[in-house]
Student: 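Handing you this structure, nothing more for now.
What's counted below: heavy atoms across the whole structure, side chains too, no hydrogens, waters or symmetry copies. We count residues from 1, following the sequence as given.
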Amino acid sequence: MKSATRLAVCSIVSALSVVLLFLGGITFVLAYIMPMIVGLFMIMLRRTFGTSSAWITYTAVSILSFILVADKECMLMYVLFFGFYPIIRSEINKIKSKFFAWIFKFIVFNIMVLIVQLILVYVFGIPFLDEGEGKAFILLFVVLMNIMFVIYDKLIDKVSLLYQLKLEKRIKKFFK
């Protein structure tokens, strides 16, 4: 595959990713959904153009989103987890024990979400809790985020299979 074609596709994916992350600032829910959607693009890049192209695109989107995306929570969720997770997921899944693979995934996810929240509070000055919200909200947030992560992990399986069976041959033929 020509390097110019690879560069063009990665650039288009980068631009689309930044636009979607920018739109993540519309509502609270989109601040988590848009990084997940943008992360799914890495599946296509990794399978079609290789892991290095996915990493380069992830890095470019991370830098551009830091500059251009107003919603820092959306940007940080992409940069610190959803952007690179689809790239490294196949390596994590090589752990022989499914139980330990899932434990590792949960540990990485929860550490990254904690880091995101700490950066939001202590660097950007965005409070995690409004007045009147308590520890029950924090527990609910953690539980819902972990449920969302499990759904996202399963979604990656489905999107990968769909891409492999329906789109990959057509896209590779198109870019020859």
Student: Only pairs under 3.5 Å count here: list side-chain donor-acceptor contacts from residues 17-31, not counting sequence neighbours, and write none if there are none.
Tutor:
| unit_1 | atom_1 | unit_2 | atom_2 | d |
| --- | --- | --- | --- | --- |
| Ser17 | OG | Val13 | O | 2.6 |
| Thr27 | OG1 | Leu30 | N | 3.4 |

Student: Please check: side-chain N/O of Lys169 versus main-chain N/O of Gln164, any donor-acceptor pairing under 3.5 Å?
Tutor: no

Student: Run the numbers on Leu114 and Asn110 for side-chain contact (heavy atoms from CB on, under 4.5 Å), then give the verdict.
Tutor: CA-CA 6 Å; Leu114 177 65; Asn110 285 294; over 6 Å; no

Student: Residues two or more places apart in sequence or in another chain: which of them pass ring pair (Phe, Tyr, Trp, His ring centres under 6.0 Å) with Tyr85?
Tutor: Phe81, Phe149

Student: For Ile43 and Ser160, which heavy atoms make the closest approach, and how far apart are they?
Tutor: CG2-OG, 3.5 Å

Student: Out of Tyr32, Phe82, Phe109, which residue meets the ring pair (Phe, Tyr, Trp, His ring centres under 6.0 Å) rule with Tyr152?
Tutor: Phe82

Student: Give the cluster check for Leu161 versus Ile171: same hydrophobic cluster or not, with ILVMFWY residues linked at side-chain heavy-atom distances below 4.5 Å.
Tutor: no

Student: Are Phe141 and Met148 connected into the same hydrophobic cluster when the rule is that any two of I, L, V, M, F, W, Y join if their side-chain heavy atoms are below 4.5 Å apart?
Tutor: yes

Student: Between Pro86 and Met42, which heavy-atom pair has the shortest distance, and what is it?
Tutor: CB-CB, 4.2 Å

Student: Measure the shortest side-chain to side-chain distance between Val9 and Leu45 over non-hydrogen atoms and say whether it is less than 4.5 angstrom.
Tutor: yes

Student: Ile37 vs Met34, test: side-chain contact (heavy atoms from CB on, under 4.5 Å). Steps then yes/no.
Tutor: CA-CA 5 Å; Ile37 291 170; Met34 287 304 184; 4.3 Å; yes

Student: Tell me every residue that passes salt bridge (Lys or Arg N to Asp or Glu O under 4.0 Å) with Arg89, counting only those two or more places apart in sequence or in another chain.
Tutor: Asp153, Asp157

Student: Mind checking what makes ring pair (Phe, Tyr, Trp, His ring centres under 6.0 Å) contact with Tyr58, not counting sequence neighbours?
Tutor: Trp55, Tyr78

Student: Just to verify, what does Phe99 make a side-chain contact (heavy atoms from CB on, under 4.5 Å) with, not counting sequence neighbours?
Tutor: Ser97, Ile103

Student: Is the shortest heavy-atom distance from the side chain of Leu16 to the side chain of Phe41 under 4.5 Å?
Tutor: yes

Student: Which of these, Leu144, Leu140, Asn146, sits in a side chain to side chain contact (heavy atoms under 4.5 Å, CB included) with Val142?
Tutor: Asn146

Student: Step by step, would you call Gln117 with Glu73 a side-chain contact (heavy atoms from CB on, under 4.5 Å)?
Tutor: CA-CA 8 Å; Gln117 295 307 320; Glu73 188 169 22; 3.4 Å; yes

Student: Would you say that more than 12 heavy atoms from the other residues, nucleotides or ligands in this model lie under 6.0 Å from the CZ of Phe106, or not?
Tutor: yes

Student: Taking salt bridge (Lys or Arg N to Asp or Glu O under 4.0 Å) as the definition, give me every residue that meets it alongside Lys166, ordered by chain and number, with sequence neighbours left out.
Tutor: none

Student: Is it true that a side-chain atom of Lys98 and a backbone atom of Ile95 form a donor plus acceptor pair closer than 3.5 Å?
Tutor: no

Student: Let's go through Leu68 and Met75 carefully: what are the C-alpha distance in whole Å and the side-chain angles of both, what is the deciding distance for side-chain contact (heavy atoms from CB on, under 4.5 Å) to 0.1 Å, and is it a yes or a no?
Tutor: CA-CA 9 Å; Leu68 300 172; Met75 178 270 301; over 6 Å; no

Student: Linking I/L/V/M/F/W/Y whenever any side-chain heavy atoms sit under 4.5 Å apart, do Met44 and Ile56 land together?
Tutor: no

Student: Check the hydrophobic clustering (I, L, V, M, F, W, Y; side-chain heavy atoms under 4.5 Å; chains of links allowed) and say if Val61 and Leu7 are grouped together.
Tutor: no

Student: Please give me the minimum heavy-atom distance between Leu155 and Leu40, naming the atom from each residue.
Tutor: CD2-CD1, 3.8 Å

Student: Mind checking whether Val38 and Ile12 sit in one hydrophobic cluster, side chains of I, L, V, M, F, W, Y counted as touching below 4.5 Å?
Tutor: no

